[in-house]
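First up is the structure itself, then whatever we jot down about it.
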Amino acid sequence: MALALQTFATVKDANAALKSRGSRYLGGGTLVVRAANEGDVSISGLVRSTEPSLFTITVADGKVRIGASVTMAAIARHPDLSAIVRAARAVGGPAVRNMATIGGNLFAPAPYGDFAVALLALDATVGTDDGEMPIETFLAGRDGSRAIVTSVGFTLPKPDGFRFLKVSRVKPKGVSVLSIAAVLELAGDGTVSSARIALGCMADRPLRAKAAEKALIGQNLTTDGIAPALAVANDGTSPATDPIASAWYRNEVLPVHLGRLLLS
Ligand SMILES: Cc1cc2nc3c(=O)[nH]c(=O)nc-3n(C[C@H](O)[C@H](O)[C@H](O)COP(=O)(O)OP(=O)(O)OC[C@H]3O[C@@H](n4cnc5c(N)ncnc54)[C@H](O)[C@@H]3O)c2cc1C
């Protein structure tokens with residue numbers, strides 16, 4: 001069956017069209033078109049919007065707003081977003097990054113969603129025509145969400161305040177075993193004054209390592225100082241076993257890679 005594609009000048013009209021059964025929003029299409037091609041019969045039509053704000057990046061006074069249709073390639077080459085470039089470059093190869101949007105990444109199930117992990121550590125907000133919500137609220141309810149995501153917003157981290165690490169195999173190349181993003185602030189004496197750590201592939205969607213965050217407060221970023229955080233890094237995780245890695249393996253290597261990220 002041929003897929004119908006409807007294009008609307010405004011998000012409002014596209015949202016209205018999405019109410020019809022079987023229609024799905026089209027971002028870059030790297031997942032949704034693949035699903036349709038592979039025979040997902042629940043998809044009967046695609047809807048997209050060309051509203052200019054969806055394709056815009058603004059950085060002003062340390063605040064970032066990225067339209068949902070902005071691609072990973074556009075984020076990676078933006079001169080004011082160098083602090084988070086590693087996370088954008090972690091998504092697929094060059095061809096995928098030219099298509100993959102930030103909006104679609106928010107919906108990508110594990111083992112995908114590497115950029116959403118970064119956004120969770122950055123304490124981003126997710127915008128729709130109805131307003132903005134914290135990314136944690138969005139991720140918790142995304143399965144039932146029908147509204148078009150219009151943008152994400154976050155405060156630009158200090159140049160050395162954002163850390164990101166993606167672990168993948170040589171074969172098959174690219175897809176995450178896990179990913180970790182951290183936003184850390186240090187006090188004058190070098191101890192951690194605030195920590196936000198997000199994990200990818202350690203559940204069906206990005207989640208925070210809240211016990212590890214708490215254990216880091218007041219500690220130095222030394223082998224001894226981070227040991228309590230590594231001991232609780234797996235608290236609350238429920239990784240999948242998939243062709244990339246088993247749940248057991250993911251749990252085993254998480255503290256190792258979190259340790260490397262914190263000491264880097
Ligand atoms: C070969 C290959 C390699 C990949 N490697 C990686 C990787 O390393 N890391 C990674 O994170 N991902 C990877 N992906 C997955 C995917 O490319 C990315 O997650 C990408 O960001 C998804 O965005 P998209 O715009 O292509 O989503 P689409 O396929 O367009 O959409 C995905 C889902 O999100 C919904 N959606 C999209 N945009 C919106 C919006 N604005 N509002 C509401 N709903 C929306 C769609 O309806 C659909 O349900 C890979 C995919 C392929 C094919």
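Both ligands and their constituent atoms are indexed starting at 1 by order of listing. We count residues from 1, following the sequence as given.
Those atoms of ligand 1 that come under 4.0 Å of a heavy atom in Gly103, given as number and element, are 38 (N). Near Ala68, meaning under 4.0 Å from any of its heavy atoms, are these atoms of ligand 1: 41 (N). Near Ile148, meaning under 4.0 Å from one of its heavy atoms, ligand 1 places the atoms 42 (N), 43 (C). The contact set between ligand 1 and Ala108, taken as ligand atoms under 4.0 Å from a residue heavy atom, comprises 19 (O).
Annotation: Leu31 places an N or O atom under 3.5 Å from an N or O atom of ligand 1; distance criterion only. Residue-to-ligand polar distances keep Ala100 apart from ligand 1: every N/O pair is separated by 3.5 Å or more. Between Gly28 and ligand 1, at least one pair of N/O atoms sits closer than 3.5 Å. Polar contact check, Arg24 against ligand 1: a nitrogen or oxygen pair lies under 3.5 Å apart. Ligand 1 has no N or O atom lying under 3.5 Å from any N or O atom of Met72, backbone or side chain. Of the polar atoms of Gly113, at least one N or O is found under 3.5 Å from an N or O of ligand 1, judged by distance alone. For the pair Val32 and ligand 1, the shortest N or O to N or O distance falls below 3.5 Å.
Residue-ligand proximity: Ala90 is placed with a non-hydrogen atom under 4.0 Å from ligand 1. The closest approach between Ala147 and ligand 1 falls below 4.0 Å for a heavy atom of the residue. Using a 4.0 angstrom heavy-atom cutoff, Val175 does not count as in contact with ligand 1.
Put simply, the side chain of Ser264 reaches to within 4.5 Å of the side chain of Arg163, judged on heavy atoms. Between Met202 and Ser238, every side-chain heavy-atom pair lies at or beyond the 4.5 Å cut-off. Looking at Val126 and Glu132, their side chains never come closer than 4.5 Å, going by heavy atoms from C-beta outward.
Among all non-hydrogen protein atoms, the one lying nearest atom 39 (C) of ligand 1 is Tyr25 CD2, 3.4 Å. The protein atom (non-hydrogen) at minimum distance from atom 16 (C) of ligand 1 is Thr30 OG1, 3.2 Å. Looking at atom 34 (O) of ligand 1, its nearest protein heavy atom turns out to be Phe107 CB, 3.3 Å. Annotation: atom 4 (C) of ligand 1 to nearest protein heavy atom, Tyr112 CE2, 3.8 Å. Remark: minimum distance from atom 18 (C) of ligand 1 to any protein heavy atom is reached at Asn105 ND2, 3.6 Å. Protein heavy atom nearest atom 42 (N) of ligand 1, with residue, atom name and distance: Val149 N, 2.8 Å. Annotation: atom 28 (P) of ligand 1 to nearest protein heavy atom, Gly29 N, 3.6 Å. In this structure, the protein non-hydrogen atom closest to atom 38 (N) of ligand 1 is Gly104 N, 3.5 Å.
Side-chain contact annotation: Asp130 with Thr128, donor-acceptor N/O pair under 3.5 Å absent. Side-chain contact, Arg65 with Thr58: no donor N or O sits under 3.5 Å from an acceptor N or O. Judged purely by distance below 3.5 Å, without hydrogens or angles, the side chains of Asn220 and Thr222 never pair a donor atom with an acceptor atom. Counting only N and O atoms by type, the side chains of Asn98 and Thr71 include no donor and acceptor under 3.5 Å apart. A donor-acceptor contact under 3.5 angstrom links the side chains of Asp114 and Ser179, judged on distance only.
Shortest non-hydrogen contact noted between Ser193 and Ile217 is O-CD1, 3.7 Å. Minimum heavy-atom separation, Ile84 to Pro157: CG2-CG, 4.3 Å. Closest non-hydrogen pair, Val177 versus Val253, comes out as CG1-CG2, 4.4 Å. Looking at every heavy atom in both residues, Phe107 comes nearest to Arg142 through C-NH1, 3.7 Å.
For Glu252, the side chain to side chain donor-acceptor pair (under 3.5 Å) test picks out no residue, with sequence neighbours left out.
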